[in-house]
Protein chains: 2
Amino acid sequence: MRGRDEGPMTKPAPTAEQDRRRLPPQERRAQIVDAAVSFFADEGLDGNTRDLAKRLGVTQSLIFKYFDNKQALLEAVYAHVYLDRISPDWSDLLRDRSRTLRDRMITFYSEYGDRIFDYAWMRIFMFSGLAGADLNRRYLTHLSQTLLLPMLDEIRHEVGRDDAVTPEDLWSLHGGIVYIGIRKHIYKMPVPADPLPEIVRVIDRFLASIGHGPAH
Amino acid sequence: MRGRDEGPMTKPAPTAEQDRRRLPPQERRAQIVDAAVSFFADEGLDGNTRDLAKRLGVTQSLIFKYFDNKQALLEAVYAHVYLDRISPDWSDLLRDRSRTLRDRMITFYSEYGDRIFDYAWMRIFMFSGLAGADLNRRYLTHLSQTLLLPMLDEIRHEVGRDDAVTPEDLWSLHGGIVYIGIRKHIYKMPVPADPLPEIVRVIDRFLASIGHGPAH
DNA sequence: CCCGCAAGTGATCGCATGATCAATAAGCGG
DNA sequence: CCGCTTATTGATCATGCGATCACTTGCGGG
C-alpha cells in the first residue's frame with residue numbers, strides 16, 4: 001500500500017516540505033508535541049495515541065520512539081502549553097506608578113487575555129485541573145503571588161484604604177474576565193470576537209466601584 | 001465469599017437496611033444513579049463501570065441490568081444533576097419591583113450559589129462541557145433568557161439608561177461569582193467557606209459602578 | 001553509487017473495559 | 001415451610017488501547 005496515486009511513472013512528488021518521510025528527530029518530536037497539544041485539547045487527556053498518530057500521518061508506534069509512554073508525552077504537552085503563559089514583565093508593569101492604575105490594569109489584562117483566550121490552553125488547563133494535576137494549583141498560586149497580590153497593593157495604595165478591596169475581590173475581577181474564555185472554548189458559547197472592550201468595561205466598573213473612575 | 005465475620009452461628013446480621021442484598025428495582029436504580037453522579041464527578045465521564053460497581057458494593061454486570069449501556073447511565077446522571085438546578089421562582093423574584101434591585105440580586109445569587117457551588121454539579125457540568133455536550137449550551141442559554149436578560153431589564157430600568165449595562169456585563173458579573181465555585185471544585189484552591197459575603201461584595205461593586213450604591 | 005545508520009513501519013502482546021448470559025439464590029406469596 | 005419469580009452473580013466475549021520489537025527503507029557520508 002502506497003500513499004496515493006497509482007499512476008505509472010509518477011515520482012514521489014514532493015509537493016512541499018511537509019510530505020517528507022523522514023524527519024530529524026528534534027523536528028519530529030516538536031511536530032508530535034504540537035499535534036498532541038491540539039489533539040488532547042480536542043479529545044481530552046485520554047484521547048488515544050492511534051488517533052493522534054492518524055492526525056500526524058505516522059504510525060502509532062512512532063510516538064513511542066519519541067516518548068517512553070503516554071504520560072511522558074502528556075508532560076511534554078503540559079510543558080509546551082504552560083511555558084511562557086505568564087510574562088515576567090507583568091509584575092513590574094503592575095507596579096509601575098508612572099502610569100495610571102487603570103492603564104496598567106487594562107494593559108495587563110489585555111495582554112493576559114491575548115495569551116489565555118486560546119483554545120488549546122483553556123481546554124488543557126481545564127482538563128488537567130479536573131484530572132487533579134498539581135500544575136494548575138501551582139499556576140494559580142504563582143499568578144496570585146506575582147500578579148494579583150501586587151495588583152492588590154497598588155489598588156490599596158491608590159485608594160488609600162486597605163479595607164476597600166480584598167484578595168477575593170481580585171479573584172472575582174479575574175474570574176469575570178477569564179469567564180469569557182471559558183464560555184467560548186469550554187462551553188462553545190458565542191462571545192464577542194474581541195474581548196478587549198469588555199475587559200475595559202470590567203476594569204472600569206471595578207475601579208468606579210472603589211471610587212476610581214476612568215478619569216483617574 | 002460472604003460479607004464479613006466468619007464466626008459460627010452468626011445470622012446474616014442485618015445491621016442496617018443498607019446491607020440488604022436484593023433491592024426493589026426502582027430503589028436500586030436510584031442508588032446506582034446517586035453513586036454514579038458522585039463517581040463520575042470524581043473520575044470524569046470515562047470512569048469505568050467496574051470501579052463504580054465496587055463503590056456500590058455490587059457486581060459490574062448488575063449496572064447493565066438497569067441501564068442498556070454506559071451512555072444511558074450517563075444520561076440518567078445528567079438528568080439527575082441538571083434537574084431543578086434553576087428554580088422557576090427566580091425569574092419572578094428578579095422582576096419583583098416591590099423589593100430593591102440589590103435585595104433581589106443578592107437573594108438570587110445567594111440561592112443560586114447554594115445550588116451550584118456543589119462538587120458533583122460543578123464537575124459534571126465542566127466534564128460534559130468539555131465533552132461538547134449540547135446540554136451545557138442549552139442550560140446557559142436558558143439561564144441567559146430566563147434570568148440574566150430579565151436582570152438586565154431591571155438594571156436598565158433602575159438606572160434609567162439602556163447603554164449603562166450590556167448582556168456581556170452581566171456575564172462578567174456572573175463569571176465573577178461562578179469562578180468561586182470553579183476555583184474550589186475544579187482547581188481545588190482554597191476559597192472562603194461561605195461565599196455569600198463575596199457575592200454581596202461583587203453585587204455591591206457592580207451596582208456602585210453604575211451609580212447604585214447599597215443605599216438604593 | 002552504494003553502504004550503513006537510524007527513522008519509520010507493521011505485527012503483536014497484555015491488559016482494561018463495555019457488554020452479554022447462563023447460573024444462583026434472596027425473599028415474597030401461598 | 002416450600003416453591004417460584006427475579007435480583008444478583010460470575011464467567012466470558014469482543015474490542016480498544018498502551019506498549020514492544022523485529023523489520024524495512026529513506027537518505028546522508030564516503
Side-chain angles (χ1 to χ4, degrees), chain A residues 1-4 10-36 39-40 42-77 131, chain B residues 1-4 10-36 39-40 42-77 131:
Chain A
M1 229 174 290
R2 279 213 282 92
R4 47 208 142 206
T10 46
K11 280 271 188 74
T15 30
E17 198 97 13
Q18 21 277 113
D19 263 32
R20 252 168 51 217
R21 310 272 291 233
R22 288 165 78 114
L23 290 181
Q26 202 177 343
E27 201 172 322
R28 177 69 80 190
R29 191 190 159 90
Q31 187 196 52
I32 293 176
V33 173
D34 275 351
F39 175 76
F40 289 124
D42 285 340
E43 307 283 325
L45 303 184
D46 25 50
N48 69 67
T49 55
R50 278 176 177 79
D51 287 346
L52 168 58
K54 219 166 282 171
R55 274 205 200 188
L56 277 158
V58 300
T59 53
Q60 179 238 9
S61 59
L62 187 66
I63 293 169
F64 289 93
K65 279 280 196 297
Y66 289 88
F67 301 91
D68 284 349
N69 48 47
K70 191 181 166 182
Q71 191 53 39
L73 172 60
L74 279 175
E75 263 142 38
V77 166
Chain B
M1 230 172 290
R2 281 213 280 91
R4 47 207 143 203
T10 45
K11 279 272 189 72
T15 30
E17 199 95 14
Q18 58 235 133
D19 262 32
R20 255 170 45 220
R21 309 274 291 234
R22 288 165 76 114
L23 289 182
Q26 202 178 342
E27 201 173 322
R28 177 69 82 189
R29 191 190 159 90
Q31 187 196 52
I32 293 176
V33 173
D34 275 351
F39 175 76
F40 289 125
D42 285 341
E43 306 283 324
L45 304 183
D46 25 50
N48 70 67
T49 54
R50 277 176 178 79
D51 287 347
L52 169 58
K54 217 166 284 171
R55 275 205 198 187
L56 276 157
V58 300
T59 53
Q60 180 238 8
S61 59
L62 187 66
I63 293 169
F64 289 94
K65 277 283 194 294
Y66 289 88
F67 300 92
D68 284 349
N69 47 47
K70 191 181 167 182
Q71 190 54 38
L73 172 60
L74 279 174
E75 263 142 38
V77 166

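Side-chain atoms are counted along with the backbone in the values below, which use heavy atoms only and exclude waters and symmetry mates. Note on naming: letters A, B, ... go to the chains in the order of the sequence lines (proteins, then strands), and numbering restarts at 1 for each one.
- B:Leu62 places its CG atom 16 Å from the P atom of C:dA25, with the value rounded to the nearest Å.
- Heavy-atom minimum distance, B:Phe67 versus B:Val33: CZ-CG2, 3.6 Å.
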A:Phe40/A:Leu73 under side-chain contact (heavy atoms from CB on, under 4.5 Å): CA gap, chis, key distance, verdict: CA-CA 11 Å; A:Phe40 289 124; A:Leu73 172 60; 3.9 Å; yes

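- One can place CZ of B:Arg21 at 8 Å from C1' of C:dA26, the figure rounded to the nearest angstrom.
- Applying the side chain to side chain donor-acceptor pair (under 3.5 Å) test to B:Asp51 and every residue at least two apart in sequence or in another chain returns B:Asn48.
- A straight line from CZ of B:Arg29 to C1' of D:dT8 spans 17 Å, rounded to a whole angstrom.
- Residues B:Gln26 and B:Arg29 bring no donor and acceptor atom of their side chains to less than 3.5 Å of each other.
- The CZ atom of A:Phe64 sits 11.0 Å away from atom OG1 of A:Thr59, with the distance rounded to the nearest 0.5 Å.
- Rounding to whole angstrom units, CG of residue A:Asp68 and C1' of D:dC21 are separated by 15 Å.
- Rounded to a whole Å, the CZ atom of B:Phe39 is 13 Å from the C1' atom of C:dG18.
- Across all non-hydrogen atoms, the minimal contact from A:Val77 to A:Ala36 is CG2-CB, 3.6 Å.
- Heavy atoms of A:Tyr66 sit under 4.0 angstrom from primed sugar atoms or phosphate atoms, though from no base atom.
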Filtered N/O pairs between nucleotides 11-18 of chain D and protein, under 3.5 Å:
unit_1, atom_1, unit_2, atom_2, d
D:dC17, OP1, A:Asn48, ND2, 2.7
D:dG18, OP1, A:Lys70, NZ, 3.2
D:dG18, OP2, A:Thr49, N, 2.8
D:dG18, OP2, A:Thr49, OG1, 2.7
D:dG18, N7, A:Arg50, NH1, 2.9
D:dG18, N7, A:Gln60, NE2, 3.4
D:dG18, O6, A:Arg50, NH2, 2.9

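- Taking 3.5 Å as the limit, the base of C:dT9 and the side chain of A:Lys65 contain a donor-acceptor pair of atoms between them.
- For B:Arg22, no side-chain nitrogen or oxygen approaches OP1 or OP2 of D:dT6 to under 4.0 Å.
- Remark: P of C:dA6 and CZ of A:Arg28 are 17 Å apart, rounded to the nearest angstrom.
- Atom pair B:Leu52:CG and C:dA16:C1' shows a separation of 16 Å (rounding to whole Å applied).
- Residues satisfying the side chain to side chain donor-acceptor pair (under 3.5 Å) criterion with A:Gln71, sequence neighbours excluded, are A:Glu75.
- For the pair A:Leu56 CG and C:dA7 C1', the interatomic distance rounds to 14 Å; values are reported in whole Å.
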